[in-house]
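The structure under discussion appears below in the form of structure tokens.
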Amino acid sequence: MMKSKKRFRRSSTNQVVAGVLGGIGEYFDWNANLLRILFVVLCLTPGIGIFCVIGYIILAVIVSVDYGHQPTTAFTKPNNKNQGRKVIHGVEEQDIDDPKRG
């Protein structure tokens, strides 16, 4: 059996800004939230903080996004507009207080 080659991509499912740290977390099987905390600490460190920000921007521009999964963030809407609804055809609506009904 052939093993598929693991590729580094930005995450489309585990992203806060551009998905770079989520992609790193998925590639190395690390917790992306811990990476984000470490990244913020490094960005606030004098002398190397600007290099972290520039590196993140470069990775966000160069690395492609993994579109294998649909994004499920709080800011996205479901693609299917009728998701969770059932459409019923051939049904006639009647009022409960209809005098014809008897």
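Position 1 is the first residue of the sequence, and the numbers go up from there.
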N/O donor-acceptor pairs under 3.5 Å from side chains in residues 44-63, not counting sequence neighbours:
from	atom 1	to	atom 2	distance (Å)
Thr45	OG1	Val41	O	2.8
Tyr56	OH	Ala18	N	3.2

Return a table of donor-acceptor pairs under 3.5 angstrom between the side chains of residues 25-38 and protein atoms on other chains or two or more places apart.
from	atom 1	to	atom 2	distance (Å)
Glu26	OE2	Ser11	OG	2.8
Asn31	OD1	Asn33	N	2.9
Asn33	OD1	Arg36	NH1	2.9
Arg36	NH2	Asn14	O	3.1
Arg36	NH2	Asn14	OD1	3.1

### Query
Which residue pairs pass the salt bridge (Lys or Arg N to Asp or Glu O under 4.0 Å) test with at least one member in residues 39-65, sequence neighbours excluded?
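For residues 39-65: none.
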### Query
Should Val16 and Val20 be counted in the same cluster of Ile, Leu, Val, Met, Phe, Trp and Tyr side chains packed under 4.5 Å apart?
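Shared cluster, yes.
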